[in-house]
Participant: 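Below: one structure in structure tokens.
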Amino acid sequence: MTVPSACASTAGPMAIPHLDVDPFAISFFDDPYPTHERLREAGPVVYLDKWNVYGVARYAEVYSVLNDPQTFCSSRGVGLSDFKKEKPWRPPSLILEADPPAHTRTRAVLSKVLSPATMKRIRDGFALAAEAKIDELLQRRKFDAVADLAEAYPLSVFPDALGLKAEGREHLIPYAGLVFNAFGPPNELRQTAIERSAPHQAYVAEQCQRPNLKPGGFGACIHAFSDTGEITSDEAPLLVRSLLSAGLDTTVYGIGAALYCLARFPKEFARLRADPSLARNAFEEAVRFESPVQTFFRTTTREVEIGGTRVGEGEKVLMFLGAANRDPRRWIESDRYDITRKTSGHVGFGSGIHMCVGQLVARLEGEVVLSAIARRVASIEISGPVERRYNNTLRGLESLPISITPA
Amino acid sequence: MPAITFVHSNGNSDHLDASDGESAMQAATRYGLDGILAECGGNAMCATCHVYVDDALAGAIAGRPRRRGRAARWHRRGAAADEPAVLPDQDHV
């Protein structure tokens with residue numbers, strides 16, 4: 001595909017490259033980067049015959065699809081399943097799987113609940129918990145950075161901030177794993193997750209109800225907006241569900257990504273130790289570099305041209321966020337983890353009206369964990385076999401054995 | 001083509017050319033300007049950008065939510081007075 005898109009409008013639509021790539025296969029998850037490059041190099045838009053979807057993997061196209069929600073809608077599902085043709089596996093999300101104007105109203109509510117003012121209120125508690133966690137792990141020296149830190153830390157702060165009861169929290173991570181597997185195609189990961197979903201769904205549905213949410217928490221705050229009429233009392237539980245779906249596991253993968261980066265790139269860890277104020281950017285760069293949320297779909301609402309190729313109405317378009325975040329057209333030394341990089345514009349949290357509504361919570365958690373490590377830990381070494389966790393949407397590890405020494 | 005001068009808190013300034021329809025924040029991040037974090041990418045969520053608009057120029061901004069009490073230095077050349085502007089910025093624009 002060497003014809004520039006400017007010529008394509010006069011010469012007619014370009015032929016679209018067909019690729020036999022399955023971006024939801026275990027072999028792909030093991031090493032997606034050569035395939036990401038193939039996808040980017042094949043053209044601005046490609047067709048994936050395996051799942052009959054269009055794909056965009058270059059930064060410019062991913063960014064423009066994300067920022068044109070009128071053409072690339074979310075209400076037909078942000079997974080492979082088209083809600084116009086198939087019954088969704090659960091009632092659709094009122095924010096993620098919605099378009100304006102419906103989305104505008106629910107988004108405003110969650111934005112207020114997860115605002116900078118809220119972060120100010122929870123910041124000290126989150127920071128203290130991170131310091132306590134790192135101190136505890138320094139006693140142990142050797143531990144699993146995934147289970148004992150990337151999971152344990154968010155689990156120690158987020159469910160409390162949400163106002164969840166103590167019982168049943170073990171359902172949270174499996175439920176989120178299910179939600180993110182369900183965006184994928186009907187492969188084994190998705191089918192197995194849905195088959196086992198009943199107890200997790202029952203737990204989540206119950207916890208979303210107002211009486212089960214502690215006053216002062218994010219959940220109770222969402223319900224309070226039904227008193228003032230911004231949302232109805234039927235909508236509130238589903239908005240709480242969004243935080244249960246997307247608020248915990250994503251940060252687990254994000255923190256896991258940052259720890260894996262610091263363990264692999266000791267020079268960057270040394271720079272972080274020298275200047276702990278880089279913690280927030282070191283986390284942000286890990287989100288760009290690893291892209292814990294790898295993909296989302298949109299559905300076209302009309303015929304549209306992407307990079308000179310005509311795409312019809314009602315087509316699924318798969319956005320490779322992880323590939324866009326390493327597109328050399330956009331990033332200098334895109335495959336390098338650089339904690340002082342200007343990360344603005346990365347699409348690890350998405351972009352546009354659907355950009356992660358919990359991004360401030362994620363950054364707060366990432367920052368305080370990395371800041372505590374920067375000030376208290378002298379060295380991080382990988383001390384055992386690194387195992388990958390497989391999910392249709394999320395990229396991260398099952399196990400990362402490390403040993404650390406005190407500063 | 002609108003031209004924007006960003007005046008940093010230390011008094012230094014950067015002059016850059018923006019594209020039509022581009023926000024000041026987008027232009028600043030495209031040029032990699034120091035001081036403009038734009039964490040949330042323009043969703044008005046993260047509060048890493050602020051802008052103070054000189055009262056004398058308040059009319060140039062369409063749909064401005066409310067007047068700010070503090071006057072500021074704002075240099076914006078080559079832009080039509082009635083052009084809607086989104087000006088999130090940590091430094092003064």
Side-chain angles (χ1 to χ4, degrees), chain A residues 59-60 62-64 66-69 95 103-104 107-120 123 277-278 280-281 283-285 287-288 321 324-325 330-332 338 340-364 366-367, chain B residues 1-2 4-10 12-53 62-66 68-70 83-93:
Chain A
Y59 179 86
V62 169
Y63 183 88
S64 35
L66 283 168
N67 283 280
D68 185 0
I95 179 162
H103 165 270
T104 314
R107 170 86 189 190
V109 167
L110 286 194
S111 292
K112 281 181 222 168
V113 172
L114 302 170
S115 67
T118 305
M119 297 311 114
K120 220 170 173 178
R123 185 180 176 89
S277 74
L278 293 171
R280 197 172 175 93
N281 206 61
F283 177 72
E284 197 76 27
E285 167 70 347
V287 174
R288 179 199 72 85
L321 308 177
N325 277 341
R330 170 62 178 79
W331 308 98
I332 297 163
D338 171 5
T340 54
R341 183 189 294 277
K342 282 187 171 126
T343 54
S344 295
H346 80 77
V347 290
F349 288 113
S351 180
I353 64 165
H354 289 285
M355 189 178 179
C356 177
V357 76
Q359 55 183 282
L360 297 182
V361 186
R363 290 198 184 98
L364 172 60
E367 179 190 349
Chain B
M1 186 190 285
I4 309 176
T5 303
F6 289 80
V7 183
H8 296 278
S9 45
N10 63 7
N12 293 345
S13 61
D14 281 304
H15 183 80
L16 52 91
D17 294 323
S19 313
D20 283 336
E22 189 177 38
S23 75
M25 178 275 289
Q26 285 165 338
T29 52
R30 190 162 54 82
Y31 279 84
L33 218 67
D34 281 330
I36 310 293
L37 294 180
E39 265 188 359
C40 74
N43 270 307
M45 276 200 74
C46 66
T48 59
C49 302
H50 292 281
V51 64
Y52 298 97
V53 178
R64 196 160 65 100
R66 59 176 175 269
R68 304 295 295 257
R70 188 173 154 189
E83 183 191 324
V86 186
L87 296 168
D89 174 19
Q90 194 170 40
D91 296 317
H92 296 166
V93 177

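Both backbone and side-chain heavy atoms feed into the values below; hydrogens, waters and symmetry mates do not.
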Participant: Mind checking the SG-CZ spacing from B:C40 to A:R363? Nearest 0.5 Å is all I need.
Facilitator: 7.5 Å
Participant: Might you point out which heavy atoms bring B:T29 and A:S344 nearest each other, and give the distance in Å?
Facilitator: CG2-CB, 3.8 Å
Participant: Taking all heavy atoms of A:L360 and all of B:E39, pick out the closest pair and write down the distance.
Facilitator: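 Scanning both residues, the minimum pair turns out to be CD2-OE1, 4.3 Å.
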Participant: Pick whichever of A:V357, A:I353, A:N281 has the most heavy-atom pairs under 4.5 Å with chain B.
Facilitator: A:V357
Participant: Measure across B:D34 and A:K342 and return the closest heavy-atom pair with its distance rounded to 0.1 Å.
Facilitator: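 Scanning both residues completely, I find the closest heavy atoms to be OD1-NZ, 3.0 Å.
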